[in-house]
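Below is one structure; the comments refer to it alone.
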Amino acid sequence: MLKKLSLALSLIVTICFGLSLNASAQAAKTQVITTTDFYGEVAQEVLGSKGKVTSIINNPSTDPHDFEPTTKTAKQVAQADLVIYNGIGYDSWVKKLNGKKYLAVASLVGKKDGDNEHIWYDVPAMISLTEKLATYFSKKDAKNADYYQKNAQAYIKELKQLTTLETNIAKQAKGKKVAVSEPVFDYALASMGYKVANKHFAKATEDESDPSYSDIKKLQTMIKKKQIAFFVQNTQSDSKVIDNMAKLCQENDVPIVKVTETKPKGKTYVQWMTQEFKQVQKIQNN
């Protein structure tokens, strides 16, 4: 009886010790929080199996501007080793949650208040973030530095497929004018060699105010006279003015490039960008 009891106690101690080691191993892994899932994807690609990345906003229908953090969100941020956010007003609420260490992508790539906040549409910025994270994780966990660097280079190779696509598109763009519903896609357009012809109109839409009468008439004229190569529509916008502009484009055979501000469900960042960039390429080839 005593022998059986001793064996049972020994088994319990072994199990508890194993669970303790497993918990310690999990706790030792790097914990990263990102405000949005496209930055979360970058972090996870570099971090791989050596840690966990949690994206606060991973629903395409959630507007990061209007997001209200919960107690759970605050706890996640406080416990994370690193918090990655966009910056320049896009997701400033995360700075109020007392994270240990923050990384603003805007600051990383030299963007300031007043600059276009849709930085994830600037592929070189995503490459810079990948490189920065490889350096950060390598310093934090030096014994796995080669692992992080290899992961980063593999992901950068994927991202460079996008820059190659933009370069090919730019060969035919030649500074042609385009119009946009709002400045979501502007960094990509600049890389593709296009010029936005209705920036004042787009800024009003982004600020959720009605564009002026003169801005509306100017855009309508550009569409009717086909003075733009195409119109970029953020399909997540619920503006009647934008819907009417899209309808006018269809009536006048002006192509529409449909984009979204947030990553669609079931798609990687590279797949998302590729799908949108190829809409531009298809327009050029028609």
To the nearest 0.5 Å, what is the distance between [atom1] on [X] and [atom2] on [Y]?
X	Y	atom1	atom2	answer
Thr71	Leu97	OG1	CG	10.0 Å
Asp146	Ser138	CG	OG	8.0 Å
Ile56	Thr70	CD1	OG1	8.5 Å
Asn198	His200	CG	NE2	11.0 Å
Lys29	Asp81	NZ	CG	13.0 Å
Glu276	Lys278	CD	NZ	13.5 Å

Would you call [X] and [Y] a side-chain contact if the rule is heavy atoms closer than 4.5 Å?
X	Y	result
Leu133	Tyr148	no
Lys263	Trp120	no
Lys132	Tyr136	no
Met273	Met126	no
Gln275	Gln271	no
Val105	Tyr85	no
Phe201	Val241	yes
Ile127	Glu131	yes

So, does [X] use its side chain to make a donor-acceptor pair with the main chain of [Y] at under 3.5 Å?
X	Y	result
Asn285	Lys282	no
Asp141	Phe137	no
Gln284	Ile169	yes
Gln279	Lys258	yes

*Pairwise salt bridge (charged side-chain N to carboxylate O under 4.0 Å, His left out) hits with a residue in residues 213-231, at least two apart*: none
_Qualifying salt bridge (charged side-chain N to carboxylate O under 4.0 Å, His left out) pairs with a residue from residues 195-212, counting only residues at least two apart or across chains_ = Lys203-Asp207
*Is the number of heavy atoms from other residues, nucleotides or ligands within 6.0 Å of NZ (Lys96) greater than 12?*
no
*Answer yes or no: are there more than 12 heavy-atom neighbours, outside His65 itself, under 6.0 Å from its atom NE2?*
yes
same_hphob_cluster([X], [Y]) at 4.5 Å side-chain heavy-atom cutoff:
X	Y	value
Leu219	Ile256	no
Tyr121	Ile57	no
Val280	Leu162	yes
Val83	Ile119	no
Met222	Val196	no

Only distances under 3.5 Å count here; give the side-chain donor-acceptor pairs of residues 37-48 to other protein atoms, sequence neighbours excluded, each with its distance to 0.1 Å.
from  : atom 1 : to     : atom 2 : distance (Å)
Tyr39 : OH     : Asn86  : OD1    : 2.6
Glu41 : OE1    : Tyr269 : N      : 2.8
Glu41 : OE2    : Tyr155 : OH     : 2.9
Glu41 : OE2    : Tyr269 : N      : 3.2
Gln44 : OE1    : Val53  : N      : 3.1
Gln44 : NE2    : Gly48  : O      : 2.9

Only distances under 3.5 Å count here; give the side-chain donor-acceptor pairs of residues 230-238 to other protein atoms, sequence neighbours excluded, each with its distance to 0.1 Å.
from   : atom 1 : to     : atom 2 : distance (Å)
Asn234 : OD1    : Gln236 : N      : 3.1
Asn234 : ND2    : Glu182 : OE2    : 3.1
Thr235 : OG1    : Val259 : O      : 3.3
Gln236 : OE1    : Glu261 : N      : 2.8
Gln236 : OE1    : Thr262 : N      : 3.4
Gln236 : NE2    : Pro60  : O      : 2.9
Gln236 : NE2    : Thr262 : OG1    : 2.7
Ser237 : OG     : Ser239 : N      : 3.3

*Any pair with a residue in residues 98-110 that passes side chain to side chain donor-acceptor pair (under 3.5 Å), sequence neighbours left out, goes on the list, sorted by first then second residue, please.*
none
*Residue pair Thr167, Thr164: steps toward the side-chain hydrogen bond (donor to acceptor under 3.5 Å, both in side chains) verdict*: CA-CA 5 Å; Thr167 299; Thr164 298; 6.0 Å; no
*Carefully, step by step, assess Gln161 and Thr274 under the rule side-chain contact (heavy atoms from CB on, under 4.5 Å).*
CA-CA 9 Å; Gln161 293 174 12; Thr274 299; 5.8 Å; no
*Assess Lys50 against Tyr147: is NZ or CZ under 6.0 Å from the centre of the six-membered ring, and within 45 degrees of the ring's axis?*
yes
_Derivation and outcome, side-chain contact (heavy atoms from CB on, under 4.5 Å), residues Ile33 and Leu82_ = CA-CA 6 Å; Ile33 291 289; Leu82 178 67; over 6 Å; no
_Side chains of Thr54 and Gln76: any donor to acceptor distance under 3.5 Å?_
no
Which pair of non-hydrogen atoms, one from [X] and one from [Y], has the smallest distance, and what is that distance?
X	Y	value
Val123	Thr163	CG1-CG2, 3.6 Å
Ile88	Ala106	CG2-CB, 3.9 Å
Pro211	Ala204	CA-CB, 3.8 Å

Which donor-acceptor pairs under 3.5 Å do the side chains of residues 183-193 make with protein atoms, sequence neighbours left out?
from   : atom 1 : to     : atom 2 : distance (Å)
Tyr187 : OH     : Asn116 : O      : 2.6
Ser191 : OG     : Tyr187 : O      : 3.3

_side chain to side chain contact (heavy atoms under 4.5 Å, CB included), paired with Ile84, selected from Thr34, Leu108, Thr35, Asp91_ = Thr34
